Structure formats: C-alpha cells, structure tokens
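Lettering of chains follows the sequences in order, A, B, ..., and the numbering in each one begins at 1. Quick caveat, the model's predicted, so the values are computed rather than measured.
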2 protein chains.
Amino acid sequence: MTTNARLATPVMAAPVMVPDHRHLGACAHCDARPHSVCNAVPAVDMARLAAASTTGIAQPGTCFVEEGAKADAFFNITAGTARLFKLLPDGRRQIMGFAGVGHFIGLAVSSTFTFSAEAIDHVHYCRFSRPRLRALLDDFPAMEQKLLEVTSSELVAAQEQMLLLGRKTARERLASFLIAESRHNAGCHLPRRQFALPMTRGDIADYLGLTIETVSRTLTRLRHEGLIEIPSAGDVVILDRDGLERLAEGLT
Amino acid sequence: MTTNARLATPVMAAPVMVPDHRHLGACAHCDARPHSVCNAVPAVDMARLAAASTTGIAQPGTCFVEEGAKADAFFNITAGTARLFKLLPDGRRQIMGFAGVGHFIGLAVSSTFTFSAEAIDHVHYCRFSRPRLRALLDDFPAMEQKLLEVTSSELVAAQEQMLLLGRKTARERLASFLIAESRHNAGCHLPRRQFALPMTRGDIADYLGLTIETVSRTLTRLRHEGLIEIPSAGDVVILDRDGLERLAEGLT
DNA sequence: CGAGCAATTGAGACAAGTCAAAGCTGGTGG
DNA sequence: CCACCAGCTTTGACTTGTCTCAATTGCTCG
C-alpha cells in the first residue's frame, strides 16, 4: 500500500476577484493570449472576451479548483503554475499534470470537477462562468475548434502518461520526464540542455507514480551513469540526450 | 523489466471497403447512430453524412489503425469491439481502452496516429477522410460540439485511469475494472450484477498495468473473499457491490 | 546560528513480476 | 464420437523492483 502521508490538506483559495469591466482591452495585452484558446477570438472582439471573464490570483499552496465541487466555471491561467491532481481517501495522490500559462482548466461535461488544481507559485487566472463560456463558444466557432484541438492534445498526452504509468520502469519514467521537461517551455527553440525543475521531488513522484525516495535514488543513479548532471536539486543538465531518449523509449 | 513476449505482432488489415453511395440513407439505420457523434447531424442531412464516409470490416486480430501511420482518416465503430493500445519497442503493451459501438477513433491533431486499434471480434466501421470530416464539422457545428464533449469525457476517463495506474494496488485495479465493466453497456439501466468480459486476461492485464498471472490470482482472491463469483473465465457475478466499490476507491 | 523543510542515503519488507507446470476448453479431423 | 492439439487460464515457487521506515545531510530563512 502506497500511503502518502505527506499530503498537504488542500486549502481552498480566498481569491482576489477583479472585475475587468473597466479595462475592456485587458485581453489584448494578456501574456497568455498567444498560448491560449483565447487567440481564436479575433482582435476586434477583445472587449467581448474581456467582458466575459473576471481575473483572480491564487496564493501558493491554495486550491482554486476542487475535485467534486460544482464545475460552474472555467479557468485560463495567465501567470504561474498549478498542479492538477486527484486524491484517494487515504491521501494517495496522482498528479495529472502541471498547468502553466495559457492552460485551460475545467472543461468538464459533468457537473463537478474531476480533479483539483493547486497553485504552486502565485497563479493568475481568468475565470469564465459556464454560461458565458458557452455563449462565447457559440459566437466564435473558431474558439470551439481550438478548444477541441487543445483537448485532443491533452488526451494524447494523457495516453502517453498511461503508457508510462502502466508499463515503464522507474528509470524509464524519470528519463521520459526529463526529456519532456527539457522540451517544455522551450517554445520554438531546440530542447534545452539545462533547465529548472520548478516542482518538488514529491510532485515528481506523484506525477510519475513513484515515491520520493525512488525519484531521488533514480536521479542519483542517472547522474552516476553520466546521463545527467544535477547542479542543485532544482536544476538539471542533460549530458547524454540520446542515451536518455533511448532509455525513455524503453530501449536498453 | 516487464517484457510481454506474448505479444501478437500486429497484422495490418486488408479491409473490405464498401462505398456507401448507393444507399444514401444508410446512416439513418445505423446501429451506432444513437451512441455516436453522428447523431449531431440532423436527420434531413443523413445523405450528406453517408456520402462523406465509406464502411469497412476489420477481421479479428487485425489492426485497422497503426501507431505512427499517417492519420489521414477517422473511424466510427458501428459493430464489434477493438482494443486501443501503445507498444514499447520490446513488446510491452499498454491498452488505452476498448472501443465499442459508436466510439470515434483517430481524432489527432498530429499528422500520425498515436496508438493502434486492433479488432477483437469482427469490427464494422465508418471511415471519414480527414478533409471530409473537416467539411462536415464546418457545416454542422453541433457535430464539432458533440466531438468536444466526447473528447472531454475521454480525457476525464484517461485521468481516472492515470490514478488507477499510478496509485492503486492490483486488488483496487481489478475492483475498479469490474465496477466499470458492470456499468458498461448497461445503458440507462442499473449496473448489472452479472456480465461478460469479452477480452482475455492478457487484455485486462495490459489495460490495468499488471501481468496475466496477477490478474488471475487477484480475481481468485476476490472470489475467495466472497466479493465476486466467476461462473466461467469470461463471466463475472458481483456478490458484494458495496465492498467492491469501497475497494475500488481505495478504502480498506 | 538553529529551526524547519526538502532531499538523500541505507537497510529491510513486500507486492507484483518471472519462470514453469498443470488444468481447461473449444475446435478439428480421424 | 472421441482423441488430440493449441491457446487460454490457473496455480506454485522463487526473484526482484519499488516501497517503507529511519537516519542523515543540505538548504533557506528568520
């Protein structure tokens, strides 16, 4: 039995709500716009978009979406990073992913959220009530199309993670994770040789279906094998990308 | 290392293609229609729908979608069941799910399929070429909306499976699986007490991230504990639904 | 400088995997 | 109609990768 007693009991956020009606052009300068479904709305209709949403900030460690709660709104992250996770009653946690700038959360057919979202650092978000989002989607089919694309991509990523969780060894999981992180946020650039891991070992463990100890041990082993370097706990350098990629695919 | 040497090397199907242009009303009588995204197309436009697709049959054990192949078409299953899976180079297999009547396959943003689909029994399907589907979706926004709903639901299911694969024990996985199967195909009825498992132990194992032996042993254990009965390898009776559900959620 | 938390490392336990040997079952052909 | 084969399933004995428990180290911040 894998009981993670270390779980932080999720604290519900007391969000700072800022109605955006004063600055109808807010969306036009949004940092998230280029990475978000919002860019499916033409520039002319920015005011319409801004009017449909309110913004808020979730403090580090607070949940702004809770599994099981009424799914009455959708969130678009404009700054910061959140962990998305599900819990078992005894505290075992599975992290579904990390949501960064531009990530859309809460697209549920069901009436309740199926996972929780907790701010890692200060998370800024836009909040769309369900009826308002529905109205937007009806008016801008391009946005619905974009949303379908994004959701499909997430499904593909989820299936890749299912392969990882169901069939890969601890070494392979870490290799896959590091390769993915090295590409993450690299934008149109090449995957990076060095990069930061903003999450804790506990987060990595709960994302990869392992324990903290196994994550730590496995990273040390990859280091001893000369595949990576770890300047500090939060930073990684990839020394042998080919080797790491082969490992991630299950070869050797 | 979890090497599944038992893998059947996927055989590419030699599909029986039947252009449907002679019977423009085919879609109106389709068994899959009530369960499929196609029902978003109004009855008046059935001919349009039928013209956009061709039908085919995949023989048991053949793949009609192959991971890595060009994703030039979408499939809608009208009869039979297929397993959707990903493979690692050494043969380890993870089944993403079982696709039955009405299931839509191949909605990829990427240009290649990200998993394979193999017929378990005789699978009848409708095939839509990519451009034709795009045209349909543009003409019938309701279909795109329906597709988004379906994709969202699949994402929710995939995340539930990630929790199972990452954090549940073998007993909990089997309990979750049996509960899910008992609801499956029950339609609007109550979950069934007795039901068939159309897939092999190997399929169940590869779906739950376990081995055949563990699946078998765990089922016998659940039987000895009085939670289930197994009249034959392909049939299950749930004796203690509450107990099984509690187990599936990780309690006890 | 020391409290508090995250990360590492070690030793031993255990759940699930591996290897191997029987049972079952359903289909085929003599 | 039955013997036989082939594939699936079950069961047993043993191995092992990962988890658990526990101690230590390292880092950050008041």
Side-chain angles (χ1 to χ4, degrees), chain A residues 1-8 60-61 88 90-94 120-121 164-175 196-206 208-224 228-236 247 250, chain B residues 1-8 60-61 83 88 90-94 120-121 164-175 196-224 228-236 247 250:
Chain A
M1 179 71 80
T2 315
T3 306
N4 282 331
R6 90 192 100 81
L7 83 151
L88 288 172
D90 63 2
R92 280 175 283 172
R93 184 177 69 161
Q94 178 64 42
I120 293 181
D121 46 17
L164 180 147
L165 293 170
R167 289 301 179 210
K168 289 186 184 176
T169 65
R171 286 184 81 215
E172 291 162 356
R173 293 182 200 199
L174 261 305
L197 295 178
M199 64 292 284
T200 66
R201 294 286 187 270
D203 285 339
I204 298 174
D206 285 350
L208 300 180
L210 301 169
T211 59
I212 294 179
E213 296 92 328
T214 299
V215 168
S216 180
R217 268 188 263 270
T218 305
L219 285 175
T220 315
R221 186 171 159 203
L222 293 176
R223 182 160 57 76
H224 286 152
I228 59 172
E229 198 50 66
I230 307 180
S232 77
D235 291 281
V236 181
L247 188 51
Chain B
M1 179 71 79
T2 317
T3 305
N4 281 331
R6 90 190 101 79
L7 83 150
R83 41 179 164 255
L88 288 172
D90 63 1
R92 279 176 284 173
R93 183 177 70 161
Q94 178 64 42
I120 293 182
D121 45 17
L164 179 147
L165 293 170
R167 289 302 179 211
K168 290 187 183 176
T169 65
R171 286 183 82 217
E172 291 163 356
R173 294 181 198 198
L174 261 305
L197 296 178
M199 65 291 285
T200 67
R201 295 286 185 269
D203 285 339
I204 299 174
D206 285 349
Y207 182 52
L208 300 179
L210 301 168
T211 58
I212 293 180
E213 295 92 327
T214 299
V215 169
S216 181
R217 269 189 262 270
T218 306
L219 284 176
T220 42
R221 184 168 161 208
L222 293 177
R223 181 160 57 78
H224 287 150
I228 60 172
E229 198 50 66
I230 308 181
S232 77
D235 291 282
V236 181
L247 188 51

For atom [atom1] of [X] and atom [atom2] of [N], their distance in whole Å:
X	N	atom1	atom2	result
A:L208	D:dC19	CG	C1'	15 Å
B:L210	D:dT9	CG	C1'	16 Å
A:R173	D:dG17	CZ	P	14 Å
B:I204	D:dT9	CD1	C1'	11 Å
A:L164	D:dT18	CG	P	12 Å

Go through the structure and list residues passing side-chain contact (heavy atoms from CB on, under 4.5 Å) with B:R217, not counting sequence neighbours.
-> B:E213
Between B:L174 and B:L208, which heavy-atom pair has the shortest distance, and what is it?
-> CD2-CD1, 3.8 Å
Rounded to the nearest 0.5 angstrom, the CG-NZ distance for B:L88 and A:K168 is 6.0 Å
How sharply is the helix from C:dC1-D:dG30 to C:dG30-D:dC1 bent, taking the axes over five pairs at either end and rounding to 10 degrees?
-> 30°
With a 4.0 Å cut-off on heavy atoms, is A:G209 in touch with a base, just the backbone sugar-phosphate, or nothing at all?
-> sugar-phosphate
Mark up nucleotides 5-12 of chain C, 5' to 3', with B wherever a protein heavy atom is under 4.0 angstrom from a base atom, S wherever such an atom reaches only the sugar-phosphate, and - elsewhere.
-> --SBBBB-
In the 5'-to-3' direction, what one-character label does each nucleotide of nucleotides 25-30 of chain D receive under the scheme B = base within less than 4.0 Å of a protein heavy atom, S = sugar-phosphate only, - = no such atom?
-> ------
Would you please name every residue forming a salt bridge (Lys or Arg N to Asp or Glu O under 4.0 Å) with A:R223, sequence neighbours left out?
-> none
Are the side chains of A:L247 and A:L222 in touch, meaning some heavy atoms are under 4.5 Å apart?
-> yes
Could I get the full list of side-chain hydrogen bond (donor to acceptor under 3.5 Å, both in side chains) partners for A:D121, not counting sequence neighbours?
-> none
